[in-house]
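Here's the structure we're looking at; comments come further down.
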Amino acid sequence: MLYDNLSVNAAGHLAIAGIDACDLAAEFGTPLYVLDEDRVRANCRTYVEAVRTYLPDGSMPLYASKALSFKGIYPVIADEGMGADVVSGGEIATALAAGFPASKLYFHGSNKTDAEIAYGVENGVGCFIVDNTNELAVLSREATQRDVVQNILLRVTVGLDPHTLAAINTGRVDSQFGVPIETGQALAFVREALATPGVDVLGFHSHIGSQIFEPDSFCDQVDRLLAFACDVRDELGFVASTFNLGGGFGVPYVEGDPKVDIAGNIAAIAEHLRTGCDHASYPMPRVLLEPGRSIVADAGTTLYTAGGTKTIEGYRSYVMVDGGMTDNPRYALYKSAYTVLNASRASKPADFACTLAGRCCESGDRIAEDILIQQPTRGDIIAVLTTGAYNFAMSSNYNRVMRPALVMIHDGKARLAIRRQTVDDLLALEV
Ligand SMILES: *Cc1c(COP(=O)(O)O)cnc(C)c1O
């Protein structure tokens, strides 16, 4: 099994954190998102402990909400001692509704609206990651109007091209996120921010991308950010107390994908930064990290019910499931690889070559192509692993397919955390 929380039980079924996947499907229906809360907690602890061990006081991992934002995740994140980053009024509202402390929210976004900026300041969001100078002006107005001094970080791009998909690479000079160092605009951005009333600049933020496996990319990022910080110090006399290095640690989706040693990577980044700071006589900043995928991805499994199997003579066989791109658009968007198995026959050999197709009227609606699974018949439960990140978060009602329910497993028990969408929910907004 790809992960150690998965097993095959005596009935020959897939078990998730010890619970029979077919029982979960029978009780809660399909498609169903299953989130192993204990695995989320274990992932949080890996970060929290490594940050505590290797980085200065005040350093903290922040959960990148966009990977999976719903009320049930925030108490887990808070409990494990992490902050959270949020990218919209909706994510802020969800975190606050779950009782998450506003002071531990970090508000991102390349185009925050005036209303969102006001909402964030009004509700005491701990820190804004300011993306550009337009935003700075609005934030200054909203903060000064309320007699608030808002803590901010300035988002810069370090001009790095990690080996990842273009669609999830955000650190290049030519990016809609942040202000580039290379063109000199980032320095001007800092100068302007330092002269702006109502804000207190704590430091810099940079995020180089997602699904990154080599620590070298993060070390390059640290070098570039530190070199920039030194230029800022020399030019403007400002010394940053905080570096936010963003998220991006990769997660294995299929057998053979590398597994990132998160603690080892954090140790390497910390060591690298410390050496660089010593060299430049720069005070070691506190470091924020923003893991999203690596907190929730491998804790999630999606369960579907297989419909028919269709064999196109001379081509391939399709297994059709009762969900697809509406609950998991990642294959359609990025051709992301997934591990699939027949949860009803998990002890049988995986020797049936097929393509897993969703139910939407769209040829691109596939979850995995040319895979081997245990041959299913109609009614079998099909499990797709590693769906905790960017699945529910990216789900849609295309074809008016209703969003699945989500259950969380904790201490050997499953509880409903998000109920299945109904036709009434679907129609509720239509006047
Ligand atoms: C997406 C994103 C993250 C999280 O990235 P993961 O690859 O899920 O860890 C963190 N910070 C920012 C600014 C992001 O855009």
Side-chain angles (χ1 to χ4, degrees), residues 35 40 43-44 46-48 50-51 60-69 73 77 82-88 90-92 95 104-112 120 125-132 135 152-158 160 162-172 175-179 203-215 217-218 221 225 242-253 257-262 265-266 269 287-300 330 333-334 336 386-394:
L35 189 71
V40 173
N43 290 338
C44 292
T46 301
Y47 276 95
V48 169
V51 165
M60 187 167 52
L62 315 171
Y63 168 62
S65 291
K66 73 172 196 244
L68 175 61
S69 177
I73 198 73
I77 298 301
M82 288 175 60
D85 88 38
V86 286
V87 296
S88 68
E91 285 186 357
I92 295 174
K104 287 172 92 176
L105 290 179
Y106 287 69
F107 188 12
H108 273 279
S110 51
N111 188 18
K112 302 175 186 78
V125 160
C127 186
F128 275 60
I129 289 86
V130 178
D131 184 90
N132 55 61
E135 180 187 337
I152 63 171
L153 293 172
L154 302 177
R155 181 161 181 170
V156 298
T157 48
V158 294
L160 195 65
H163 299 152
T164 189
L165 290 164
I168 52 177
N169 176 332
T170 55
R172 288 170 307 183
S175 164
Q176 76 265 46
F177 303 104
V179 177
F204 311 118
H205 172 279
S206 133
H207 169 75
I208 54 174
S210 203
Q211 197 57 349
I212 295 166
F213 291 97
E214 333 88 79
S217 298
F218 293 104
Q221 178 195 16
L225 204 56
T242 307
F243 279 11
N244 183 331
L245 301 179
F249 283 143
V251 164
Y253 281 80
D257 276 355
K259 184 151 174 22
V260 173
D261 169 9
I262 288 167
N265 271 287
I266 292 173
I269 292 165
V287 174
L288 303 173
L289 299 170
E290 301 176 324
R293 188 192 309 274
S294 51
I295 297 292
V296 289
D298 65 6
R330 291 190 68 254
L333 276 172
Y334 318 117
S336 312
T386 332
T387 58
Y390 306 112
N391 271 234
F392 171 77
M394 287 183 158

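In each ligand, atom 1 is the first atom listed, and ligand 1 is the first ligand listed. Here the structure is a predicted model, which is why all the values come from computation and not from measurement. Counting from 1, the numbers follow the sequence of the chain as shown. Side chains included, hydrogens not; waters and symmetry mates left out as well; all remaining heavy atoms used.
Neither the backbone nor the side chain of Ile129 comes within contact range of ligand 1; no heavy atom lies under 4.0 Å.
Using a 4.5 Å cut-off on side-chain heavy atoms (C-beta onward), Val179 and Leu154 make no contact. Considering only heavy atoms from C-beta on, Tyr334 stays 4.5 Å or farther from Gln211 through its side chain.
Distances from ligand 1 to the non-hydrogen atoms of Pro291 include at least one value under 4.0 Å.
Within ligand 1, the atoms closer than 4.0 Å to a non-hydrogen atom of Gly247 are 9 (O), 10 (C), 11 (N), numbered from 1 in the order shown. Atoms of ligand 1 found under 4.0 Å from any heavy atom of Tyr390 (numbered from 1 in listed order, with element): 1 (C), 4 (C), 5 (O), 6 (P), 8 (O). Ligand-side atoms of ligand 1 in range of Ala64: 3 (C), 4 (C), 10 (C), range being under 4.0 angstrom from any heavy atom. Contact atoms of ligand 1 toward Arg155: 13 (C) (distance under 4.0 Å to a heavy atom of the residue). Atoms of ligand 1 lying under 4.0 Å from any heavy atom of His108, numbered from 1 in the order shown and given with element: 13 (C). The atoms of ligand 1 that sit less than 4.0 Å from any heavy atom of Arg293 are 6 (P), 8 (O), 9 (O). Annotation for ligand 1: atoms under 4.0 Å from non-hydrogen atoms of Glu290 are 3 (C), 4 (C), 9 (O), 10 (C), 11 (N), 12 (C), 13 (C).
Interatomic distance, NE2 of His207 versus NE2 of His108, reported as 8.5 Å (0.5 Å rounding). Atoms NZ and CD1, from Lys112 and Ile92 in turn, are 9.0 Å apart once rounded to the nearest 0.5 Å. Between the CZ atom in Phe107 and the CG atom in Leu153 there is a gap of 14.0 Å [rounded to 0.5 Å]. The distance from atom OG of Ser336 to atom OH of Tyr390, rounded to the nearest 0.5 Å, is 11.5 Å.
Close N/O approach between Gln211 and ligand 1 is not found [any backbone or side-chain N/O within under 3.5 Å]. Considering backbone and side-chain atoms alike, Gly292 places an N or O below 3.5 Å from some N or O of ligand 1. For ligand 1, the polar-atom distance check against Gly248 finds a nitrogen or oxygen pair separated by under 3.5 Å.
In this structure, Tyr63 has its ring center at least 6.0 angstrom away from the ring center of Tyr47.
Between Phe218 and Phe249, the ring planes are perpendicular. Angles over 60° get that label, and only those under 30° would be called parallel.
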